Amino acid sequence: MQRLPGFRDFYPEPLPNTDVWSADARQHIFDRWRKTARSYGFREYDGPPLETLDLYTVKSGEEIVGQLYNFIDKGDRGVSLRPEMTPTLARMVGTHERNYKKPIKWFALPQLFRYEKQQKGRLREHFQLNADILGEAGPPVDAELIALLIDTLRSLGLTQEDFFVRLSSRHAWHEFFASKCQDSSRELAFYQVIDKLERETPEQNQEKLAALGFSLAEVQQFITEGKPTPELAAILENLGARGLGEYVRVDYSIIRGLAYYTGVVFEAFDRKGMFRAIAGGGRYDHLVELITGGKVKITAAGFGMGDVVLTELLKERGKLPAFDAGVEVFCLIEDESLRSQSLRWVQEWREAGLVTDYAMAPLKSDKQFKRALDAHALFTAKLEKNEGGELMIRLKRLQDRQEQVVKPEAVAGVVRATS
RNA sequence: GUGGCCAUAGCUCAAUGGUAGAGCUCCAGAUUGUGGUUCUGGUUGUUGCGGGUUCGAUCCCCGUUGGCCACCCCA
């Protein structure tokens, strides 16, 4: 039996080869995601991985179905594995919005799915940090989200040398569009041309823009000038005050493909340009209203950061530490008559919070010692009796083989103090 | 969804139109005994799957599945 295409197994380290996904690295990333989001006062939420298909077609239209991992369930319902978290969040907030004080600052670490042929940086499943702020709007809110994005990447060891955030706004593009074209029904089509600008040839772009009444030259000039709107200037100032100004620059070539963004949009990229976008987000002030059928109107903005590109980037930059079981004490049981006593102290040490392991079946002493070495244990602990018949622990620090004999109840303290 | 490349032991790879080997890992034993060394022995493959050509295919051909990469698309 093999796993489904585009899905991943996660193994503990050391890994059999470099193509296998590390459960330890994943946990490391999750830890930093959670820790950083919480440090910003965000609260964690979650929703079901399976939703009704309507939740996504309402937002994006029927054409989205081609991208979804959807099917008919046994109750004859059209369902889909969630391709993104935002509709679920909008639904959840829409349902109980009045029970939460504003602003709502929430984050989640969902596993997301899409039915697409896999390629570099893109599988059928991935994990994503989603952070959103609802019920309060304006540059300070957008800046808070961008700062969280930056600090999350910094917490993983990435620096200004590694990544930057490209900041843009649909308000800026709206003004540009409205100054040349009064037909607002064509505005979204215009955005989609802008979104693909870097991927198409100049001839194709010229042609598409001409059809909408624009010239490629004037669009390129607008991007090149990159003159911050008052809104973006306020965000830059806000981030500058935090000492994060160097991480951000205005770049109007970013507009993002999704239809529901209404204002500020941003994406994080690695500076070497080796990978896809690391993260992206923006303001979507009308989505909750759309999802709730007009019952709830609330402003919203947020971003998502996937684990696939992030892991590739961290690997490439050597920012992933080596992981092991983190054993602090390995209890050696060389005298079987002391097994019960040993188990008692293994239990005590574990309750004291020490990562403790031992050989469950009787094993020759050198084998036990080798297991301790393989586990990279900090200490071995061996029970023995002194002349007075008192039970003592022979603690050996494996780093330098220094030994000391201490009372069992002193082990935790010694390990903590010397490790 | 389209196209290109690839597919041999748990891992990294080798070999040949006549039914496959090395290193590492793993397991056992010995050695070492301030122990991570060394030695010996052992397990594992329908050579991704199905079909065809051939006296005979892992090696040639077709299909299929999976992987990698690009396109499409992009949370």
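Source: prediction; values computed, not measured. In the text below, chain A, chain B and the rest are named by the order of the sequence lines, each starting its count at 1.
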### Task
Begin with the C-alpha distance, continue with both residues' side-chain angles, and end with the deciding distance and a verdict on side chain to side chain contact (heavy atoms under 4.5 Å, CB included) for A:Glu97 and A:Met92.
CA-CA 8 Å; A:Glu97 174 262 331; A:Met92 288 172 64; over 6 Å; no
Rounding to an integer number of angstrom, what distance separates [N] and [M] when you compare their [atom1] atoms?
{"N": "B:U54", "M": "B:C59", "atom1": "C1'", "answer": "13 Å"}
{"N": "B:A22", "M": "B:U40", "atom1": "P", "answer": "14 Å"}
{"N": "B:G36", "M": "B:A9", "atom1": "C1'", "answer": "28 Å"}
{"N": "B:C60", "M": "B:U47", "atom1": "C1'", "answer": "16 Å"}
{"N": "B:U2", "M": "B:C73", "atom1": "C1'", "answer": "13 Å"}
{"N": "B:A14", "M": "B:G50", "atom1": "P", "answer": "25 Å"}
{"N": "B:C71", "M": "B:U12", "atom1": "C1'", "answer": "32 Å"}
{"N": "B:G48", "M": "B:G42", "atom1": "C1'", "answer": "28 Å"}

### Message
Heavy-atom nearest nucleotide on RNA chain B for A:Tyr115 versus A:Arg401: which residue maps closer to 5'?
### Response
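The answer here is A:Tyr115.
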### Task
Between A:Lys396 and A:Lys196, just flag the one whose closest nucleotide in RNA chain B comes earlier from the 5' side.
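Comparing both residues, the 5'-ward one is A:Lys396.
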For [N], the Watson-Crick or wobble counterpart (both distances under 3.5 Å):
{"N": "B:A7", "result": "B:U65"}
{"N": "B:U46", "result": "none"}
{"N": "B:U2", "result": "B:A70"}
{"N": "B:A15", "result": "none"}
{"N": "B:A28", "result": "B:U40"}

When you measure from the side-chain N and O atoms of [X] to the phosphate of [N], is any distance below 4.0 Å, counting only OP1 and OP2?
{"X": "A:Gln119", "N": "B:C68", "value": "no"}
{"X": "A:Gln128", "N": "B:A75", "value": "no"}
{"X": "A:Lys364", "N": "B:A28", "value": "no"}

Could you please name the option among [options] that lies closest to any side-chain atom of [X]?
{"X": "A:Lys367", "options": "B:U32, B:G36, B:A28", "answer": "B:A28"}
{"X": "A:Lys117", "options": "B:C72, B:G35, B:U2", "answer": "B:U2"}
{"X": "A:Arg256", "options": "B:G36, B:C11, B:A75", "answer": "B:A75"}
{"X": "A:Glu334", "options": "B:G36, B:G35, B:A75", "answer": "B:G35"}
{"X": "A:Pro5", "options": "B:G67, B:A75, B:U31", "answer": "B:G67"}
{"X": "A:Gln118", "options": "B:G67, B:C11, B:G29", "answer": "B:G67"}

Between [X] and [Y], is the gap from one ring center to the other below 6.0 Å?
{"X": "A:Phe107", "Y": "A:Phe42", "result": "no"}
{"X": "A:His286", "Y": "A:Tyr260", "result": "no"}
{"X": "A:Phe190", "Y": "A:Phe214", "result": "yes"}

For [X] and [N], give me the distance from atom [atom1] to atom [atom2], rounded to whole Å.
{"X": "A:Leu55", "N": "B:A75", "atom1": "CG", "atom2": "C1'", "answer": "13 Å"}
{"X": "A:Asp374", "N": "B:G35", "atom1": "CG", "atom2": "P", "answer": "15 Å"}
{"X": "A:Phe369", "N": "B:U31", "atom1": "CZ", "atom2": "P", "answer": "19 Å"}
{"X": "A:Phe275", "N": "B:A70", "atom1": "CZ", "atom2": "P", "answer": "12 Å"}
{"X": "A:Glu403", "N": "B:G33", "atom1": "CD", "atom2": "P", "answer": "16 Å"}
{"X": "A:Leu15", "N": "B:G10", "atom1": "CG", "atom2": "C1'", "answer": "14 Å"}
{"X": "A:Gln111", "N": "B:A75", "atom1": "CD", "atom2": "P", "answer": "19 Å"}
{"X": "A:Asp366", "N": "B:G36", "atom1": "CG", "atom2": "P", "answer": "9 Å"}

Name the nucleic acid region contacted by [X], choosing base, sugar-phosphate or nothing; use a 4.0 angstrom heavy-atom cut-off, strictly under.
{"X": "A:Arg114", "value": "base"}
{"X": "A:Glu116", "value": "base"}
{"X": "A:Gly281", "value": "nothing"}

### Message
When you measure only distances, ignoring hydrogens and angles, does the side chain of A:Arg371 come within 3.5 Å of the base of B:G36 through a donor and an acceptor?
### Response
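Side chain to base: no pair present.
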### Message
Suppose we call a contact any N or O donor and acceptor under 3.5 Å apart; does that hold for the side chain of A:Arg122 and the base of B:C74?
### Response
yes
### Query
Hey, mind stepping through A:Leu89 and A:Tyr45 against side chain to side chain contact (heavy atoms under 4.5 Å, CB included) and telling me if it holds?
CA-CA 9 Å; A:Leu89 172 66; A:Tyr45 71 98; 3.6 Å; yes
### Message
Is the positively charged end of A:Arg283 above the ring of A:Tyr261, judged by distance under 6.0 angstrom from the centroid and angle within 45° of the axis?
### Response
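Not flagged: A:Arg283 not positioned over aromatic ring of A:Tyr261.
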### Query
Can a salt bridge be assigned to the pair A:Arg394 and A:Glu384 using a cut-off of 4.0 Å between side-chain N and carboxylate O?
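Yes, this pair counts.
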### Query
How about A:Glu334 and A:Gln368: does a side-chain donor come under 3.5 Å of a side-chain acceptor?
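A:Glu334 vs A:Gln368: no donor-acceptor pair found between side chains.
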